**Student:** 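Please see the structure below; I have some questions.
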Amino acid sequence: MTGDERKTKAELIEELDGLRARLDGCRAETGMFVADDLPLFIFEMDMEGTFRFANRYALENFGYTEADIRAGLTLTDIIHQDSIHRLRHNLARLLSGQDFENQEYIAMRKGGATLPIKVYSQPIRRDGAIVGVRGMVIDVSEIRQVEDALRQSESHYRTLFETTGTAMVLLGKDGIIKSCNSQFCIMSGCAREEIEGKKTWMEFVPPNELKRMGLFEEWRDKKTGNPPRDYEFDFLTYDGVHRRIHLFVRNVPGTDDRVCSLIDVTERDDALCALRKSEERYQLMARGANDGLWDWYLDSDECFYSPRYREILGYTEEEFPNHVDSWLNSLHPDDRERALAANKECMEGKVEQFQVEFRQIHKDGSIRWILGRGGSSRDENGNVYRISGSHTDITQRKLNERTTHALYAISTAVNTTRDLRELYQTIHAIIGDVIEAKNFFIAMLDEKRDMLRFVYFQDEMDDYFDIPNISDPGQSSLTIHVFRTAAPLLLSLADPGIEERLATIGVIGTPPAAWLGVPLRQGNRVVGAMAVQDYSNPRRYSDEAATFLTAVSEQVAMAIERKTIEEALTRLNEELEDKVEQRTAEIEARQAELEEANRRLMTLDEVKSSMVSSVSHELRTPLTSIRGFAKLCAKDFSRHFLPLAAGETLSLKGLRIQGNLGIIETEGERLTRLINDFLDINRIESGKACWNDDTLNPAEVIRDAVASAAGGFNASKGVELVTVLPETARRIHADPDKIKQLLINLLNNAYKFTRQGRVTVAMREQDGLLTVSVSDTGTGIPEDELGYIFEKFHKSRLGDTVRNEAQGTGLGLAICKEIVEHYGGVIRVESTLGQGSVFTFTLPTVPADGNTCPEP
């Protein structure tokens with residue numbers, strides 16, 4: 001806040017005190033102020049915050065009338081809600097006994113517009129008691145606008161001072177630095193708090209500059225002479241480093257202060273020094289460099305060319321005069337527009353420097369690649385009046401680049417071309433991008449026919465032909481010469497003695513003005529030749545062109561070989577594809593035959609199953625009758641006829657008849673088992689078996705099966721049947737009859753092959769699998785039969801049984817295997833000959849909680 005503003009407020013307070021006295025003397029009988037003519041906001045309100053009086057000036061400015069006062073105008077009507085709480089708090093303090101209060105608040109006019117106000121108020125006392133508040137309101141809007149403008153102005157100039165990009169300081173009359181920006185702190189290496197108000201200007205001046213800087217200060221102190229307003233001097237940083245500084249000094253109007261702006265020009269001076277040294281080095285290098293120099297004055301088209309410039313193109317000074325036309329006439333027609341465009345941009349001032357690659361024609365007609373560099377010079381009006389630069393002969397570099405590019409392009413052409421013809425055309429185009437190849441051919445050796453075949457031939461004068469009998473020494477041509485010597489050949493009609501040389505070598509067709517040929521090699525073997533020729537310019541080809549063509553010849557030969565092999569492979573693949581298609585058709589036909597045969601077999605299998613079922617049922621009927629009548633005959637014979645037998649002979653015959661009838665019964669029973677087993681295996685294999693699956697307690701099923709088979713074991717005094725079952729077991733999901741059949745088959749099998757000892761049935765459960773084993777101490781099974789034991793109708797060579805009982809059907813174990821595998825299990829056998837066998841099968845248990853079966 002400025003001094004003028006503080007003075008105004010003090011005057012307002014003093015004026016308020018005077019008004020208080022006047023207002024106290026003007027109180028009306030109603031207790032209200034009589035102050036309508038005063039240009040101030042005068043008010044009075046009661047203890048509840050309701051206005052009892054407001055002068056006309058206040059009412060008009062806030063948009064209210066005396067009627068509003070009478071209606072009950074309150075503080076909340078004119079004070080913004082953001083200030084009402086603070087105002088009520090301050091009024092409460094005032095009414096509690098504080099004599100005077102002045103605060104700023106946000107007020108509202110009747111229309112809703114807000115304005116900042118300052119309130120000066122004091123309590124109203126009557127008979128020693130506080131009955132209300134009276135005071136004066138000042139609109140401080142203009143004051144706040146002035147304050148905001150001052151703050152913005154100060155922020156603006158502070159920002160400029162701080163972010164100008166140069167170091168700046170404000171010096172007092174005594175030379176002490178009153179303020180500085182951050183750039184000066186960086187330049188000096190000191191913190192702001194170490195500088196402002198503490199350090200003098202001369203502390204940053206090195207001893208060698210003190211005298212000169214002191215003279216400038218004397219001029220300013222005495223206000224005599226005209227000290228310079230900007231100059232350069234050495235600046236000493238806090239770390240003792242010398243920097244070169246350009247100083248600008250200006251006085252602050254109306255004060256003795258000075259503003260100083262400092263620009264660090266150390267790097268500029270270093271750069272200028274380096275530039276001078278560079279120019280000196282360039283002058284020395286230019287005199288001994290391999291580049292040609294040129295200097296072009298645009299107004300006269302006069303152009304200076306250095307001796308080396310003319311030497312690159314093979315001209316003397318008389319043949320290549322100092323005029324721009326000399327350069328223009330030497331430009332290659334295809335590059336003229338590009339070279340002129342680069343120079344034109346510099347002449348028009350669009351660029352300060354340029355660089356362009358183009359071709360120039362040598363005096364002998366050959367081509368030189370040039371790297372042109374140039375820069376412009378401007379007059380006092382900024383117009384370009386002169387450009388100058390250098391020419392570098394980059395013919396060899398361009399040849400190397402284009403050779404590398406050509407080698408890569410030829411190598412990739414093998415993969416991008418369809419056939420040999422397209423490959424030859426691509427090679428022709430690649431070579432033509434580097435050297436003149438309007439007339440171009442490739443000749444390849446055909447050993448079988450003893451000839452050079454021109455596989456590719458493009459010529460403006462002659463037609464295609466082949467060269468036969470190349471092994472004949474009398475056959476000669478330029479191409480044969482290259483093939484036989486395996487060396488490049490460059491000929492020009494401009495060469496001395498060329499006629500004799502051509503006559504010695506021999507020429508077929510139209511004699512060329514220039515001819516260049518190279519051999520094509522595959523390893524150490526020459527397989528052909530490649531050549532270009534020109535009929536008009538004897539200087540068309542140079543040693544550089546011969547170097548290029550030789551460099552790419554090996555890649556050309558390799559590409560031709562790869563493409564030839566590729567085409568041969570393609571033909572072979574096509575033949576193989578034809579054979580594969582033919583073989584595939586044969587296989588498909590054979591497969592169709594097999595599928596038809598398979599369908600017939602399936603039909604036959606169905607017929608077989610149907611027949612087996614039908615025949616088995618048909619066999620059962622007479623077999624049942626035979627067994628029944630056999631039993632009946634045996635019974636009647638034993639009861640009625642055998643007792644009548646008189647004599648030993650009749651008795652023996654009667655016993656034999658009785659035995660024969662027993663055999664009929666036994667064999668009938670065996671045949672019945674065979675039919676039943678055969679029907680079971682047939683139903684299972686054909687998928688027609690009935691599986692009545694349920695959740696079972698495996699221990700109960702085992703006990704039932706053991707009980708069913710126990711009769712046979714009880715009849716035999718030498719074999720013991722033992723069960724080893726756990727107390728609890730997880731349930732299985734299966735057909736109980738099928739599991740019982742499985743166990744009975746295994747028990748009967750063990751009983752038949754065990755004379756004495758033990759047959760043990762054991763069960764255990766682990767990892768979700770139920771494992772049941774039936775072990776015996778019988779004769780065992782030969783090792784070579786273990787792989788066939790579960791096949792249908794398999795019987796051990798040791799016999800079907802060790803007992804005098806009917807033989808088995810050979811289907812029992814096969815049925816066991818089918819039942820186990822139907823439920824996703826596995827059955828296996830382990831046996832030692834003479835010691836016994838162990839048949840083990842596994843079944844999955846039901847994977848559910850609470851499926852454990854307790855032991856009953």
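What you are looking at is a predicted structure, and each value in this text was computed from that prediction instead of being measured.
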**Student:** With no hydrogens and no angle check, do the side chains of Asp239 and Thr237 hold a donor and an acceptor under 3.5 Å apart?
**Tutor:**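 No.
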**Student:** Check whether any side-chain heavy atom of His332 lies under 4.5 Å from a side-chain heavy atom of Ile367, and answer yes or no.
**Tutor:**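 When only atoms from C-beta onward are counted, Ile367 and His332 do touch, with a gap below 4.5 Å.
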**Student:** May I ask you to decide whether Lys198 forms a salt bridge with Glu194, counting only side-chain N to carboxylate O separations under 4.0 Å?
**Tutor:**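 Not counted as a salt bridge, because no side-chain N and carboxylate O are separated by less than 4.0 Å.
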**Student:** Glu345 side chain to Ala342 main-chain N or O, any donor-acceptor pair under 3.5 Å?
**Tutor:**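 Between the backbone of Ala342 and the side chain of Glu345 there is no qualifying donor-acceptor contact (under 3.5 Å).
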**Student:** Tell me if a side-chain donor or acceptor on Ser83 pairs with a main-chain N or O of Ile79 at a distance below 3.5 Å.
**Tutor:**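 Here the side-chain-to-backbone pair does not exist.
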**Student:** Would you call Asp364-Arg539 a salt bridge at under 4.0 Å N-O?
**Tutor:**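 The answer is no: the pair does not qualify as a salt bridge.
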**Student:** Where do Glu348 and Lys350 come nearest, in terms of heavy atoms and distance?
**Tutor:**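 Looks like OE1-CE, 3.1 Å.
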**Student:** Where does the angle between the aromatic ring planes of Tyr385 and Tyr297 fall among parallel (under 30°), tilted (30 to 60°) and perpendicular (over 60°)?
**Tutor:**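 It falls in the tilted class, 30° to 60°.
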**Student:** Which atoms form the tightest heavy-atom contact between Pro206 and His242, and what is the distance?
**Tutor:**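 Closest approach of Pro206 to His242: CB-CE1, 3.3 Å.
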**Student:** With sequence neighbours left out, write down each residue that passes ring-ring contact (aromatic ring centres under 6.0 Å, His included) with Tyr315, or none if nothing qualifies.
**Tutor:**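 For Tyr315 the ring-ring contact (aromatic ring centres under 6.0 Å, His included) partners, ignoring immediate neighbours, are Phe320.
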**Student:** Please determine, by modelled atom types, if Tyr105 and Asn90 share a side-chain donor-acceptor pair under 3.5 angstrom.
**Tutor:**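 Yes.
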**Student:** Just so I know, are the side chains of Phe41 and Ile138 near enough to count as touching, which here means a heavy-atom distance under 4.5 Å?
**Tutor:**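 Side-chain contact under 4.5 Å: no.
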**Student:** Is there side-chain contact between Trp369 and Leu399, with at least one heavy-atom pair below 4.5 Å?
**Tutor:**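 A side-chain contact is absent here, since even the closest heavy-atom pair is not under 4.5 Å.
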**Student:** Hey, does the side chain of Glu209 reach the backbone of Asp234 with a donor-acceptor pair shorter than 3.5 angstrom?
**Tutor:**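 Pair found, side chain donor or acceptor close to backbone of Asp234.
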**Student:** Test of understanding: with salt bridge (charged side-chain N to carboxylate O under 4.0 Å, His left out), list the residues that count as partners of Asp68, not counting sequence neighbours.
**Tutor:**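 Listed in chain order: Lys110.
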**Student:** Under the salt bridge (Lys or Arg N to Asp or Glu O under 4.0 Å) definition, can you give me all pairs with a residue in residues 314-332, not counting sequence neighbours?
**Tutor:**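 Qualifying pairs: Glu319-Lys363.
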**Student:** Does Arg244 pair with Glu232 as a salt bridge, N-O distance under 4.0 Å?
**Tutor:**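 Counted as a salt bridge, because a side-chain N and a carboxylate O are separated by less than 4.0 Å.
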**Student:** Does anything in residues 378-392 pair up under salt bridge (Lys or Arg N to Asp or Glu O under 4.0 Å), and if so which pairs, sequence neighbours excluded?
**Tutor:**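 The answer is Asp295-Arg386, Glu352-Arg378.
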**Student:** Does a sphere of radius 6.0 Å around CD in Glu267 hold more than 12 heavy atoms from other residues, nucleotides or ligands, not counting ones at 6.0 Å or beyond?
**Tutor:**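 No, CD of Glu267 has 12 or fewer neighbouring heavy atoms, counting only those of other groups under 6.0 Å.
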**Student:** Can you tell me if Thr412 uses its side chain to pair, donor with acceptor, with the backbone of Tyr408 under 3.5 Å?
**Tutor:**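 Present.
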**Student:** Does any non-hydrogen side-chain atom of Ser377 lie less than 4.5 Å from one of Ile387?
**Tutor:**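 Side-chain contact under 4.5 Å: no.
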**Student:** Check whether any side-chain heavy atom of Cys180 sits under 4.5 Å from a side-chain heavy atom of Met168, and report yes or no.
**Tutor:**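 In short, these two side chains do not touch, never coming nearer than 4.5 Å.
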**Student:** Do Tyr64 and Ile78 have side chains that approach each other closer than 4.5 Å (heavy atoms only, starting at C-beta)?
**Tutor:**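 Of all side-chain heavy-atom pairs linking Ile78 with Tyr64, at least one is under 4.5 Å.
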**Student:** Measuring from Thr266:OG1 to Met187:CE, what's the distance to the nearest 0.5 Å?
**Tutor:**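 It comes to 8.0 Å.
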**Student:** Taking atom types as modelled, is there a side-chain donor on Glu196 or Ser179 under 3.5 Å from an acceptor on the other?
**Tutor:**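 No - no donor-acceptor pair under 3.5 Å links their side chains.
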**Student:** So does Lys398 pair up with Glu357, basic N to acidic O under 4.0 Å?
**Tutor:**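 Yes, Lys398 and Glu357 are salt-bridged.
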**Student:** Inspect the contact between Asp257 and Lys173 and indicate whether a charged nitrogen and a carboxylate oxygen are less than 4.0 angstrom apart.
**Tutor:**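 Salt bridge flag = no for Asp257 with Lys173.
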**Student:** Between Glu544 and Val434, is there a side-chain heavy-atom distance shorter than 4.5 Å?
**Tutor:**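 Heavy-atom side-chain distance check fails, nothing below 4.5 Å.
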**Student:** If I compare all heavy atoms of Cys303 with all of Trp296, which pair ends up nearest, and what's the gap?
**Tutor:**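 Of all heavy-atom pairs spanning Cys303 and Trp296, the closest is SG-CB, 3.9 Å.
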**Student:** With a 4.5 Å heavy-atom cut-off, do Lys118 and Tyr120 have their side chains touching?
**Tutor:**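 Yes, close enough: below the 4.5 Å cut-off.
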**Student:** Please check if the side chain of Asn55 supplies one atom and the backbone of Ile42 the other of a donor-acceptor pair under 3.5 Å.
**Tutor:**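 Yes, the answer is positive, given that a donor and an acceptor are paired below the 3.5 Å cut-off.
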**Student:** Where the side chain of Asn322 meets the backbone of Phe304, is there a donor-acceptor pair that is under 3.5 Å apart?
**Tutor:**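 Here the side-chain-to-backbone pair does not exist.
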**Student:** What's the shortest heavy-atom distance between Ser121 and Val133, and which atoms?
**Tutor:**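 Minimum heavy-atom contact is CB-CG1, 3.8 Å.
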**Student:** Would you call the rings of Tyr309 and Tyr305 parallel, tilted or perpendicular, where under 30° means parallel and over 60° means perpendicular?
**Tutor:**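 Aromatic pair Tyr309/Tyr305 classed tilted.
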**Student:** Looking only at heavy atoms, what is the nearest atom pair of Met45 and Phe51, with distance?
**Tutor:**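 Closest approach of Met45 to Phe51: CB-CA, 3.8 Å.
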**Student:** Go through the structure and list residues passing salt bridge (charged side-chain N to carboxylate O under 4.0 Å, His left out) with Arg86, not counting sequence neighbours.
**Tutor:**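 Partners of Arg86 under the salt bridge (charged side-chain N to carboxylate O under 4.0 Å, His left out) test: none.
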**Student:** Which value, rounded to the nearest 0.5 Å, describes the distance between Ser188 atom OG and Gln183 atom CD?
**Tutor:**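 The CD atom of Gln183 is 11.0 Å from OG of Ser188, to the nearest 0.5 Å.
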**Student:** Can you say whether the rings of Phe358 and His391 are parallel (under 30°), tilted (30 to 60°) or perpendicular (over 60°)?
**Tutor:**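 Phe358 vs His391 ring planes: perpendicular.
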**Student:** Taking the six-membered ring for Trp and the full ring for Phe, Tyr or His, determine whether the centres of Phe62 and Tyr57 are under 6.0 Å apart.
**Tutor:**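 So the answer is no for these two rings.
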**Student:** Of all the heavy-atom pairs spanning Gly375 and Cys346, show the shortest one and how long it is.
**Tutor:**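 Heavy atoms only, the tightest pair is C-SG, 3.9 Å.
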**Student:** Would you please say whether a donor-acceptor pair under 3.5 Å links the side chains of Arg397 and Thr395?
**Tutor:**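 Absent: no donor and acceptor within the cut-off.
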**Student:** Restricting to side-chain hydrogen bond (donor to acceptor under 3.5 Å, both in side chains), what partner residues turn up for Asn343, sequence neighbours left out?
**Tutor:**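 side-chain hydrogen bond (donor to acceptor under 3.5 Å, both in side chains) list for Asn343, sorted by chain: empty.
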